[in-house]
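The model shown is predicted, which means the values in this text are computed figures rather than measured ones.
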Amino acid sequence: MTERWISAGSANDIAVNDVRRFDCDGNTYAVVKSGDGKCHVIDGLCTHGKAHLADGFVDGNTIECPKHNGRFDVVSGAAVATPARVAIRVYETVERDGQVEFRV
């Protein structure tokens, strides 16, 4: 399998401490702009209840699942609050010319 970069849209389209859903090639991702203004791309579904994390709440580097309130660190992917116990995947993310790009 070859790694490739995918454009997830404009970094300006997402506010600090916010998240947006991005679907590509049958996969769902969440594009998160953390409290420091950096963009991160993570798997879009919670590892506990399979809810869309883009419907969740972002505070700093943490995203909270809207279904059962499990929390994940968007930098490391670690599950930091139950009932979530399994980490989410975090993708290498860069901003190029105002676009959020991530490697799969």
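Linking ILVMFWY side-chain heavy atoms closer than 4.5 Å, directly or via other members, places V100 and V58 in two distinct hydrophobic clusters. Note on I63 and V41: separate hydrophobic clusters, where clusters join Ile, Leu, Val, Met, Phe, Trp and Tyr whose side-chain heavy atoms are under 4.5 Å apart, directly or indirectly.
Sorted by first then second residue, the side chain to side chain donor-acceptor pair (under 3.5 Å) pairs that include residues 10-20, not counting sequence neighbours, number zero. Pairs of residues two or more places apart, or lying in two chains, that qualify as side chain to side chain donor-acceptor pair (under 3.5 Å) and include a residue from residues 80-91 are D43-Y91.
Rounding to the nearest 0.5 Å gives a distance of 10.5 Å between SG of C39 and CD of Q99. The NZ atom of K38 sits 13.0 Å away from atom NZ of K33, with the distance rounded to the nearest 0.5 Å. Considering CZ of F102 and CD1 of I6, their distance stands at 4.0 Å, rounded to 0.5 Å. With rounding to the nearest 0.5 Å, the separation of OG1 in T93 from CH2 in W5 is 7.0 Å.
Counted by atom type alone, T28 and H52 present zero donor-acceptor pairs between their side chains at under 3.5 Å.
Of all heavy-atom pairs between G35 and V16, the closest is O-CG1, 3.6 Å. In this structure, F22 and S7 approach most closely via the heavy-atom pair CZ-O, 3.3 Å. The nearest pair of heavy atoms linking V19 to A54 is CG1-O, 3.4 Å.
With sequence neighbours excluded, the residues satisfying side chain to side chain contact (heavy atoms under 4.5 Å, CB included) with A51 are C65, P66, K67. With sequence neighbours excluded, the residues that form a salt bridge (charged side-chain N to carboxylate O under 4.0 Å, His left out) with E92 are R103. A78 is linked by a side chain to side chain contact (heavy atoms under 4.5 Å, CB included) to S76, V80, counting only residues two or more places apart in sequence or in another chain. H68 is linked by a ring-ring contact (aromatic ring centres under 6.0 Å, His included) to H48, counting only residues two or more places apart in sequence or in another chain.
Checked options V31, V75, V32, D73; the residue passing with I42 is V32 (criterion: side chain to side chain contact (heavy atoms under 4.5 Å, CB included)).
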side-chain contact (heavy atoms from CB on, under 4.5 Å) evaluation trace for F72 with T47: CA-CA 10 Å; F72 301 91; T47 58; 3.5 Å; yes

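Counting heavy-atom neighbours within 6.0 Å of D36 CG, excluding the residue itself, gives a total above 12.
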